[in-house]
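Remember, it's 1-based here, ligands and their atoms both numbered in the order they're listed.
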Amino acid sequence: MIYLDNAATSFPKPRPVREAVLRAMRDCGGNPGRGAHRLSLAAARCVYDCREAVSELLGLGAPERIVFTTNTTHALNIAIKGLLHRGDHVLISELEHNAVRRPLCRLTEAGGVSFDVFPVAGRSTEEILAALSERCLPHTRAVICTHASNICSLTLPLAAIGSFCRAHGLLFLVDAAQSAGHLPIDMKSMQIDALAAPGHKGLLGISGCGILALGEGILPETLTEGGSGVHSMSARMPDEPPERYEAGTLPVPAIASLRAGIDFLRERGLDTVRAKEEELFCSLRDRLSSLPDVTLYAPEAVGAVLLFNRKGVAPAAVARELDNCGICVRAGLHCAPLAHAALGTPEGGAVRISLGPLNTVRDADALWRALK
Ligand code: PMP
């Protein structure tokens with residue numbers, strides 16, 4: 001199989017990642033942070049080591065503010081529902097995934113929160129900041145945006161948006177589902193208050209573990225309550241992260257795999273991985289654009305995700321044909337209806353090619369031959 005669906009989840013997982021899962025299953029037992037026997041301590045060490053690695057990767061400098069969740073969606077739900085209050089107004093970008101849009105819509109229906117959408121596609125940083133300014137109201141409380149789109153390679157200028165938020169007293173929440181492991185992130189210099197990311201996409205871990213990274217002094221209300229291993233006599237969750245948000249047993253093998261995925265990326269170098277993905281992207285984009293019946297969406301943005309359609313052929317049919325040739329891509333609406341509207345894809349969506357660190361020139365050549 002040739003796998004070009006890395007925006008859904010990265011595949012295959014590198015060997016050290018698979019080995020880390022097996023090691024965690026062999027060496028860790030009990031509950032991390034809730035027992036004093038050696039297997040429980042091994043689990044706790046595994047979790048702490050990963051918190052440290054994630055904190056360093058995100059430029060947070062505070063492992064205790066790395067919270068492990070089940071996925072990005074869970075992390076976004078904690079941040080969005082735990083930080084916003086009745087009467088708050090929020091600005092979101094037009095590239096947002098349903099993982100941002102749906103929790104917000106729920107708050108709009110049930111919790112008196114309102115939001116506006118700011119345009120991004122085809123705009124310069126100055127134009128994006130001007131669009132934010134125009135939509136900023138006296139009761140605007142936060143900007144929530146993705147770092148990188150999941151349907152094309154457009155990215156948002158996080159540092160500039162972070163400065164805007166600081167200057168206007170707004171919270172800045174970032175969905176890094178498609179950028180963690182692909183693009184550099186520095187929460188401090190980008191002035192990000194809360195960042196959500198998956199373990200299972202660009203960071204190369206297995207599914208089952210997501211990340212919520214909290215800036216200093218950011219303490220959302222809890223979304224889930226239960227056992228935390230500390231302050232057991234209290235009827236409330238602890239006041240401090242990470243335990244405040246980690247009710248129940250953590251997915252230790254998934255956390256171990258995330259740590260191994262980060263180590264793998266570090267060894268290869270994030271820049272090197274990115275450069276290779278961009279090279280493959282450009283070679284595919286340039287060849288696809290030579291086919292007269294192919295429409296490319298936002299092709300000027302270079303990255304790991306290329307979106308296209310063939311005139312007169314349903315995207316699902318293209319994906320099915322590619323699957324018959326042993327090539328995995330995804331077709332349809334990709335859970336991001338706002339982004340599809342922004343890019344002007346037809347009703348059935350489009351075909352998405354998404355690259356990962358293990359893709360090769362041979363994969364790109366095989367896709368090209370199949371499409372031709
Ligand atoms: N945001 C974006 C931009 C995404 O691409 C995705 C995954 N498709 C998510 C959020 C949700 O991620 P997860 O599946 O880890 O909850």
Side-chain angles (χ1 to χ4, degrees), residues 3-11 13 54 58 66-81 92-106 117 120-121 143-156 158 161 173-183 185 192 194-213 223-224 245 250-251 254-255 257-258 261 277 297-298 301 303-307 319 328-343 345 349-356:
Y3 186 79
L4 297 168
D5 193 16
N6 288 279
T9 199
S10 50
F11 184 91
K13 304 301 178 187
V54 176
L58 299 177
I66 297 297
V67 173
F68 291 123
T69 59
T70 49
N71 50 35
T72 323
T73 305
H74 181 204
L76 284 166
N77 269 268
I78 297 174
I80 292 171
K81 293 177 181 162
I92 67 170
S93 91
E94 64 181 353
L95 298 181
E96 295 318 300
H97 189 274
N98 276 338
V100 166
R101 176 176 163 258
R102 284 185 173 163
L104 263 184
C105 287
R106 170 104 176 90
V117 178
V120 172
V143 172
I144 309 177
C145 69
T146 190
H147 188 185
S149 168
N150 67 315
I151 69 164
C152 63
S153 288
L154 283 172
T155 58
L156 272 81
L158 292 192
I161 299 176
L173 315 186
V174 171
D175 173 357
Q178 296 297 343
S179 62
H182 292 279
L183 295 171
I185 298 173
I192 298 169
L195 179 138
H200 66 99
K201 297 189 200 251
L203 296 178
L204 306 177
I206 61 168
S207 55
C209 166
I211 298 159
L212 174 63
L223 192 66
T224 322
Y245 306 102
L250 287 171
I255 292 171
S257 75
L258 170 56
E277 286 170 355
Y297 302 95
V305 182
L306 184 59
L307 193 71
C328 303
V329 299
R330 183 166 152 187
L333 285 173
H334 312 288
C335 308
L338 298 174
H340 280 278
L343 298 189
T345 63
V351 185
R352 180 180 74 182
I353 299 163
S354 50
L355 301 158

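Looking at L306 and S153, their side chains never come closer than 4.5 Å, going by heavy atoms from C-beta outward.
Heavy-atom proximity to A99, at under 4.0 Å, picks out these atoms of ligand 1: 10 (C). Listed by number with element, the atoms of ligand 1 under 4.0 angstrom from any heavy atom of A177 are 1 (N), 2 (C), 3 (C), 4 (C), 6 (C), 9 (C), 10 (C). The P198 neighbourhood of ligand 1 comprises atoms 15 (O), with distances under 4.0 Å to a heavy atom of that residue. Using a 4.0 Å cut-off to heavy atoms of T72, the atoms of ligand 1 that qualify are 11 (C), 12 (O), 13 (P), 15 (O), 16 (O).
Protein heavy atom closest to atom 5 (O) of ligand 1, with residue, atom name and distance, is Q178 NE2, 2.7 Å.
Closest heavy-atom approach to atom 6 (C) of ligand 1 among the candidates H97, H334, H147: H97. Evaluated by nearest non-hydrogen atom to atom 1 (N) of ligand 1, the leading choice among T146, N77, D175, T73 is D175.
Closest approach of N150 to H334, counting heavy atoms only: ND2-O, 2.9 Å. Shown here for F11 and Y3, the closest heavy-atom pair between the two residues is O-CD2, 3.1 Å. Shown here for G208 and A254, the closest heavy-atom pair between the two residues is C-CB, 4.1 Å.
With rounding to the nearest 0.5 Å, the separation of CZ in F68 from CD1 in I255 is 5.0 Å.
Only side-chain heavy atoms of K201 come within less than 4.0 Å of ligand 1; its backbone N, CA, C and O stay farther off.
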Start with the C-alpha distance between H200 and S207, add both sets of side-chain angles, then the distance that settles side chain to side chain donor-acceptor pair (under 3.5 Å), and finish with yes or no.
-> CA-CA 5 Å; H200 66 99; S207 55; 5.9 Å; no
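The backbone N or O of A121 sits less than 3.5 Å from a side-chain atom of E94, completing a donor-acceptor pair.
The shortest N or O to N or O distance between H200 and ligand 1 is below 3.5 Å.
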